[in-house]
Amino acid sequence: MAEPITEGPVALRTSPLSHLQERMGAAVVSGARGVTLAELPFVTMVNVRVDPASEAADRIGRTLGAPLPRRCGDTAASGLHTIMWLGPDEWLVLSRADAGIVTSQVRQALDGAPGSVVDVSANRTTLELSGPAARDVLEKGCPLDLHPRSFGPGRAVSTTVGPIAVLLWQLDDAPTYRLLPRSSFADYLARWLIDAMSEYGGPRAA
């Protein structure tokens with residue numbers, strides 16, 4: 001894993017939700033109705049546009065270690081990378097690797113074919129919502145059917161939570177969700193989730 005950057009402009013970055021870290025920590029609920037909320041800042045995100053039937057798409061898949069998903073809601077993972085379907089010819093690559101390296105490698109795989117590869121890491125931040133009550137919290141303001149028969153681990157779709165547009169990704173059966181809002185809307189979304197979590201720290205209604 002790359003060493004953290006301690007010098008230069010990157011080291012001075014402030015995450016969109018750094019000012020709410022204490023409030024998110026204080027909102028944690030434990031127990032059978034538990035739910036936690038945390039920001040995962042500075043995740044590498046690379047937007048890819050390419051014809052899915054092209055040789056360039058195949059090269060990009062080989063570079064990332066997994067074929068580009070072909071259906072709405074599908075994801076593919078390999079090593080440091082997760083690829084999410086955004087549209088018929090559009091994907092978002094999430095990675096734990098350096099954004100510049102990932103962007104350069106995928107751009108080389110595109111090799112001049114029609115399409116685009118753009119580092120959009122600063123465009124969104126990532127919120128992780130997890131625990132037995134996480135689905136209940138989301139269901140207060142998400143129009144999707146989040147029941148396990150319809151939405152489960154490995155699924156990722158564009159939707160809304162409250163009034164905020166997000167990319168919603170379920171990681172596991174805990175359940176753990178990651179929500180990717182635009183950075184400028186992250187404060188509103190975090191406060192909405194904190195408020196939605198508050199009832200689970202009290203006694204269950206009869």
Side-chain angles (χ1 to χ4, degrees), residues 1-21 24 38-70 72-129 154-158 164-171 176-187 189-190:
M1 189 172 184
E3 292 294 323
I5 297 174
T6 57
E7 298 181 351
V10 172
L12 301 177
R13 293 181 299 183
T14 299
S15 74
L17 295 174
S18 59
H19 61 293
L20 288 180
Q21 293 302 318
M24 287 190 285
E39 183 189 22
L40 306 178
F42 312 131
V43 175
T44 289
M45 302 185 193
V46 177
N47 183 272
V48 177
R49 301 291 301 264
V50 68
D51 179 351
S54 67
E55 293 183 2
D58 291 338
R59 290 195 300 269
I60 291 171
R62 289 194 295 272
T63 295
L64 295 172
L68 301 179
R70 295 295 188 96
C72 177
D74 282 357
T75 65
S78 177
L80 300 176
H81 313 309
T82 298
I83 312 165
M84 298 181 174
W85 187 97
L86 295 184
D89 65 350
E90 183 176 11
W91 296 266
L92 184 67
V93 179
L94 307 183
S95 181
R96 298 192 303 277
D98 177 78
I101 293 174
V102 176
T103 303
S104 176
Q105 290 176 339
V106 178
R107 195 170 285 153
Q108 287 178 356
L110 184 63
D111 193 27
S116 65
V117 179
V118 181
D119 175 8
V120 293
S121 305
N123 193 28
R124 300 175 185 263
T125 192
T126 304
L127 280 159
E128 185 169 277
L129 185 74
R155 302 289 290 169
V157 297
S158 296
I164 304 302
V166 301
L167 184 59
L168 178 65
W169 173 27
Q170 184 172 339
L171 273 72
T176 301
Y177 301 95
R178 288 187 182 168
L179 298 85
L180 283 64
R182 305 290 184 185
S183 294
S184 56
F185 296 110
D187 177 273
L189 177 62

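The first residue of the sequence shown is numbered 1, and numbering continues consecutively from there. Note: hydrogens, waters and symmetry copies are ignored here, and every other heavy atom, side chains too, is used.
- Considering all non-hydrogen atoms of both residues, Val93 and Val102 come closest at CG1-CG1, 4.4 Å.
- For the salt bridge (Lys or Arg N to Asp or Glu O under 4.0 Å) condition, the pairs that include at least one residue of residues 49-61, sequence neighbours left out, are Arg49-Asp89, Arg49-Glu90.
- A donor-acceptor pair under 3.5 Å is formed between the side chain of Arg107 and the backbone N or O of Val117.
- Between the side chain of Thr75 and the main chain of Gly154, a donor-acceptor pair closer than 3.5 Å is present.
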(request) Kindly indicate, with the supporting measurements, whether the criterion side-chain contact (heavy atoms from CB on, under 4.5 Å) is fulfilled by Leu189 and Val166. (result) CA-CA 9 Å; Leu189 177 62; Val166 301; 3.7 Å; yes

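- In this model, a donor atom of one side chain and an acceptor atom of the other lie less than 3.5 Å apart for Thr125 and Glu39.
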(request) Start with the C-alpha gap between Leu110 and Val48, add the side-chain angles, then the distance that decides, and say whether side-chain contact (heavy atoms from CB on, under 4.5 Å) holds. (result) CA-CA 9 Å; Leu110 184 63; Val48 177; over 6 Å; no

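- With sequence neighbours left out, the side-chain hydrogen bond (donor to acceptor under 3.5 Å, both in side chains) criterion links Thr103 to no other residue.
- To the nearest 0.5 angstrom, Leu92 atom CG is 7.0 Å from Leu180 atom CG.
- The heavy-atom pair separating Ala99 from Thr44 by the smallest distance is N-OG1, 3.3 Å.
- Val43 is listed as a side-chain neighbour of Met45, based on a closest heavy-atom distance under 4.5 Å.
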(message) With side-chain contact (heavy atoms from CB on, under 4.5 Å) as the criterion, how do Arg178 and Leu127 come out once you've worked through the C-alpha distance, each side chain's angles and the decisive distance to 0.1 Å?
(response) CA-CA 6 Å; Arg178 288 187 182 168; Leu127 280 159; over 6 Å; no

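- In terms of modelled atom types and a separation under 3.5 Å, the side chain of Ser95 and the main chain of His81 share no donor-acceptor contact.
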(message) Between Leu94 and Trp169, is the side-chain contact (heavy atoms from CB on, under 4.5 Å) condition met? List the steps.
(response) CA-CA 11 Å; Leu94 307 183; Trp169 173 27; 3.6 Å; yes

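- Looking at Arg70, its side chain does come within 3.5 Å of a backbone N or O of Pro52 through a donor-acceptor pair.
- In this structure a side-chain-to-backbone donor-acceptor pair under 3.5 Å is present from Trp91 to Pro69.
- Shortest non-hydrogen contact noted between Thr82 and Ala77 is OG1-CB, 4.0 Å.
- Proximity of Leu68 to Ile60: side-chain heavy atoms (C-beta onward) are separated by under 4.5 Å at one or more points.
- In this structure, the separation between OG on Ser15 and CZ on Phe42 is 5.0 Å, given to the nearest 0.5 Å.
- The number of heavy atoms from other shown groups lying within 6.0 Å of CZ (Phe185) does not exceed 12.
- Closest approach of Ala190 to Leu20, counting heavy atoms only: CB-CD1, 3.9 Å.
- A heavy-atom distance below 4.5 Å is found between the side chains of Leu64 and Ile83.
- Remark: the backbone N or O of Gly65 is paired with a side-chain donor or acceptor of Ser78 at under 3.5 angstrom.
- The two atoms that bring Ala156 and Met84 nearest to each other are CB-SD, 3.9 Å, heavy atoms only.
- Using modelled atom types, no side-chain atom of Ser104 and backbone atom of Ile101 make a donor-acceptor pair closer than 3.5 Å.
- Side-chain contact, Gln105 with Thr63: no donor N or O sits under 3.5 Å from an acceptor N or O.
- Thr176 is not listed as a side-chain neighbour of Leu129, based on a closest heavy-atom distance of 4.5 Å or more.
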